[in-house]
A.B. asks: 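Have a look at the structure that comes next, please.
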2 protein chains.
Amino acid sequence: MATMQDVARLARVSVSTVSYALTGARPISQATREKVLAAMAELDYQPNALARGLASRRSRILGLLLPLDERGLGATESAFVTGAAATASAAGYHLVLSPVDAGDLDGLRRLASQRMLDGVVLMEVQVDDPRVGVLREARVPVVLIGRTGDTADLSYVDIDFDRTVRDAVAHLVDLGHRRIVHVNHSAAALAGGYGPALRSRDAFAAAMTGYGVTPVMIPAEESAAGGRHALTTAFGRAPDLTAVLAMNESAVFGILGELTAHGRTVPDDVSVVSMVTSPQVAELATPALTTMTSPGTAVGRIAIEALLRHVRDDGTALHQELLPCTLEVRGSSGPVRRQAVGAPRTEHPS
Amino acid sequence: MATMQDVARLARVSVSTVSYALTGARPISQATREKVLAAMAELDYQPNALARGLASRRSRILGLLLPLDERGLGATESAFVTGAAATASAAGYHLVLSPVDAGDLDGLRRLASQRMLDGVVLMEVQVDDPRVGVLREARVPVVLIGRTGDTADLSYVDIDFDRTVRDAVAHLVDLGHRRIVHVNHSAAALAGGYGPALRSRDAFAAAMTGYGVTPVMIPAEESAAGGRHALTTAFGRAPDLTAVLAMNESAVFGILGELTAHGRTVPDDVSVVSMVTSPQVAELATPALTTMTSPGTAVGRIAIEALLRHVRDDGTALHQELLPCTLEVRGSSGPVRRQAVGAPRTEHPS
DNA sequence: ATGAAAGCGCTAACAT
DNA sequence: ATGTTAGCGCTTTCAT
């Protein structure tokens with residue numbers, strides 16, 4: 001493995017000249033530059049990343065921190081990861097995937113103090129997240145995917161839940177729906193301060209109230225069974241419901257199955273809209289799900305771009321951006337049936 | 001940020017003593033060890049990972065190389081990634097996620113020559129994969145997830161497709177099925193030498209022939225639409241089919257939908273078994289899918305464990321392991337209907 | 001425009 | 001059992 005010394009010797013210049021030719025940190029005459037480049041090619045030279053990092057105090061490694069519980073990554077989170085990886089790589093940075101359990105602040109502190117990461121993207125942020133403080137203390141540049149409660153001096157990229165819920169409700173209201181039940185994340189997520197659950201709950205309440213109708217929100221476990229159970233509850237609390245607005249990618253499939261079991265047809269009897277959902281998942285259902293499509297890889301990409309700006313010129317302004325999910329109408333939503341309210345299965349057209 | 005010098009000074013010992021106290025590479029008296037530890041705690045010392053890597057010629061960073069196309073990661077691949085990340089992290093290693101397009105051998109060469117990675121796990125391996133050669137040339141320890149055609153001197157972890165298919169066919173045959181159609185990955189995947197597609201095709205042919213029945217294999221695009229289309233083809237080639245054995249997690253949902261459209265009930269008229277599928281995905285279907293559950297995170301874990309052995313003691317024996325998928329019977333498979341062959345919808349019990 | 005040389009913070013001989 | 005010191009391969013002042 002050739003070193004910079006070897007290149008310098010072969011090109012008959014000093015090592016610093018080779019270094020400058022490589023980094024462009026100071027002007028080099030055309031002639032020497034060519035000599036150096038030729039020598040590099042000749043020796044098949046590749047700079048040693050660790051040596052460069054040690055000397056320059058920049059590792060060119062970014063961290064992607066996320067809790068890795070047994071459930072693994074959902075389609076949306078997985079898109080964040082791949083978007084981030086692709087962007088970092090294209091910018092000449094490495095991206096290390098670090099599982100950091102929410103509770104393991106010491107581990108995080110150790111990670112941050114190793115001087116291995118130029119900056120980190122923090123995923124699965126809680127409304128009140130102690131990890132943010134640890135990172136700031138270690139003076140590691142941070143960009144969040146998600147938001148803490150107080151975002152005063154933090155860069156973040158997040159889904160615009162308010163707008164997503166508002167647009168979804170508008171879609172259903174436009175179709176004539178009034179009795180809309182919002183199936184949210186689990187009660188535990190709500191209680192634990194999970195941002196998406198909290199924000200969609202509030203946005204839903206606001207939107208429905210704006211239309212003069214009563215919001216009904218039901219939490220559901222993140223599983224098909226959770227969805228089935230939630231739907232039963234929903235029929236208890238709103239027997240005349242005509243639409244379900246889901247904020248729970250796993251539960252929505254159970255909802256679909258249970259609707260069929262209850263003798264309701266989608267979308268004729270009940271419309272279903274699934275929020276923050278990927279097209280791949282939407283297509284798995286029959287009929288295909290009308291979704292608010294999550295911005296997916298864009299979130300990861302923008303987070304890395306913002307982080308790179310922080311890493312490179314230290315005094316950058318904050319980057320705070322909300323990306324909306326976009327409505328994609330597929331087969332699971334349609335106009336409300338005029339007279340059918342409270343009386344499914346009965347067939348007596350007006 | 002305290003350095004080893006600072007610790008040495010405070011503990012009144014030499015830097016090497018601090019270093020040895022840290023790594024345990026040579027014995028240290030109890031007394032000095034305690035002095036050193038105390039000084040470290042006092043200064044909140046954390047070793048600089050880059051400096052350590054440069055001096056020791058071991059970065060303690062592993063690479064996970066995978067092509068990152070627009071489709072992103074499926075549930076199974078995502079489980080590989082999280083399993084690998086968790087294991088590396090627990091072993092005190094970092095895991096960098098490197099998108100390497102199958103064609104970009106130069107990029108791979110550059111990555112491998114940077115001396116940043118102690119070893120790599122290569123995912124999405126093709127039967128004839130030039131990336132393996134590049135990595136060996138760069139003398140980077142490699143473990144594959146998947147297999148090349150010639151595995152003579154390579155370590156790998158892969159799913160045992162032969163056994164998975166055999167077990168799945170046995171399950172269906174036990175239930176009385178004989179007309180079983182195998183819906184595979186796409187024709188392009190087959191033509192491109194995608195291992196799982198090739199191996200399941202062959203294993204299916206062998207298993208069916210073993211039972212004295214004719215194998216019918218149909219490729220399908222990786223989407224619900226692909227599954228629907230494949231099922232139509234299937235009914236053309238085997239109108240009396242009673243079971244579908246899918247090797248295509250996306251297509252299987254289209255198959256389910258299309259079966260309903262054809263007026264067939266699952267599992268009463270047609271049984272469906274989905275191979276290499278995660279429980280989470282299985283639960284999304286109604287009825288829940290009988291699957292050959294993929295070993296998921298275990299694959300990633302074992303790959304990293306094997307890689308670590310290669311990285312640490314250089315002369316390790318190869319690790320070649322095949323993990324079977326395990327049958328989990330859910331609602332989509334059941335006994336064949338005695339008389340219904342070729343005559344769905346007719347209701348005249350024996 | 002180029003060179004010389006002092007580190008970056010650690011490991012691992014080589015001493016004793 | 002501990003200390004001394006020469007690197008690891010680069011970046012970056014400070015000279016010229």
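Just so it is clear: chains get the letters A, B, ... in the order the sequence lines come, proteins before strands, and each one is counted from 1.
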A.B. asks: Within the distance-only criterion (no hydrogens, no angle test), does the side chain of A:Ser56 pair as donor or acceptor with the backbone N or O of A:Arg52 below 3.5 angstrom?
C.D. replies: yes
A.B. asks: Is the closest side-chain donor-acceptor distance between A:Ser29 and A:Thr32 under 3.5 Å?
C.D. replies: yes
A.B. asks: For A:Ser19, report the nucleic acid contact type (base, sugar-phosphate, nothing); a contact means any heavy atom under 4.0 Å.
C.D. replies: base
A.B. asks: Taking the side chain as C-beta and beyond, is there a heavy-atom pair between B:Leu122 and B:Val125 under 4.5 Å?
C.D. replies: yes
A.B. asks: If you check the A:Thr17 side chain, which of D:dT11, C:dG9, C:dG3 turns out closest?
C.D. replies: C:dG3
A.B. asks: Side-chain N or O of A:Arg57 versus OP1/OP2 of C:dG9: is the shortest distance under 4.0 Å?
C.D. replies: yes
A.B. asks: Counting only non-hydrogen atoms, which of residues 28-38 of chain B are less than 4.0 Å from DNA chain D?
C.D. replies: B:Ile28, B:Ser29, B:Thr32
A.B. asks: Can you tell me how far C1' of C:dA4 sits from CE of A:Met4, to the nearest Å?
C.D. replies: 15 Å
A.B. asks: Hey, does B:Asp160 have a side-chain heavy atom less than 4.5 Å from the side chain of B:Leu323?
C.D. replies: no
A.B. asks: Would B:Asp118 and B:Arg58 count as a salt bridge (charged side-chain N to carboxylate O under 4.0 Å, His left out) if you check the C-alpha gap in whole Å, the side-chain angles of each, and the deciding distance to 0.1 Å?
C.D. replies: CA-CA 6 Å; B:Asp118 285 348; B:Arg58 285 161 166 277; 5.0 Å; no
A.B. asks: Output the single nucleotide from D:dA1, D:dT4, D:dG9 whose closest atom is nearest the side chain of B:Ser14.
C.D. replies: D:dT4
A.B. asks: Would you mind telling me which residue lines up with the more 5' stretch of DNA chain C, B:Ala51 or B:Ala25, judged by nearest nucleotide?
C.D. replies: B:Ala51
A.B. asks: Please state how far atom CZ in B:Arg58 lies from atom P in D:dC8, giving the value in whole angstrom units.
C.D. replies: 18 Å
A.B. asks: Could a donor-acceptor pair under 3.5 angstrom be found where the side chain of B:Arg26 meets the base of D:dT2?
C.D. replies: yes
A.B. asks: Over how many whole Å does the gap from A:Asn48 atom CG to C:dC10 atom P extend?
C.D. replies: 17 Å
A.B. asks: With respect to the side chain of A:Val13, which nucleotide from C:dG3, C:dC10, C:dA12 is positioned closest?
C.D. replies: C:dG3
A.B. asks: With a 3.5 Å cut-off and heavy atoms only, can you find an N or O donor on one side and an acceptor on the other between the side chain of B:Tyr20 and the base of D:dA1?
C.D. replies: no
A.B. asks: D:dT11 P sits how many Å from A:Leu50 CG, rounded?
C.D. replies: 13 Å
A.B. asks: Here's a test of your reading of the structure: between B:Leu54 and B:Arg12, which maps to the more 5' nucleotide of DNA chain D?
C.D. replies: B:Arg12
A.B. asks: Please determine whether salt bridge (charged side-chain N to carboxylate O under 4.0 Å, His left out) holds for the pair B:Asp44 and A:Arg109, giving the CA-CA distance in whole Å, both sets of side-chain angles, and the decisive distance to 0.1 Å.
C.D. replies: CA-CA 10 Å; B:Asp44 208 9; A:Arg109 207 167 343 246; over 6 Å; no
A.B. asks: Among side-chain atoms of B:Ser98 and A:His94, is any donor-acceptor pair under 3.5 angstrom?
C.D. replies: no
A.B. asks: Please tell me if B:Arg52 has a side-chain N or O lying less than 4.0 Å from either OP1 or OP2 of C:dT11.
C.D. replies: yes
A.B. asks: Is there a donor on the side chain of B:Ser16 or the base of D:dT4 sitting less than 3.5 Å from an acceptor on the other?
C.D. replies: yes
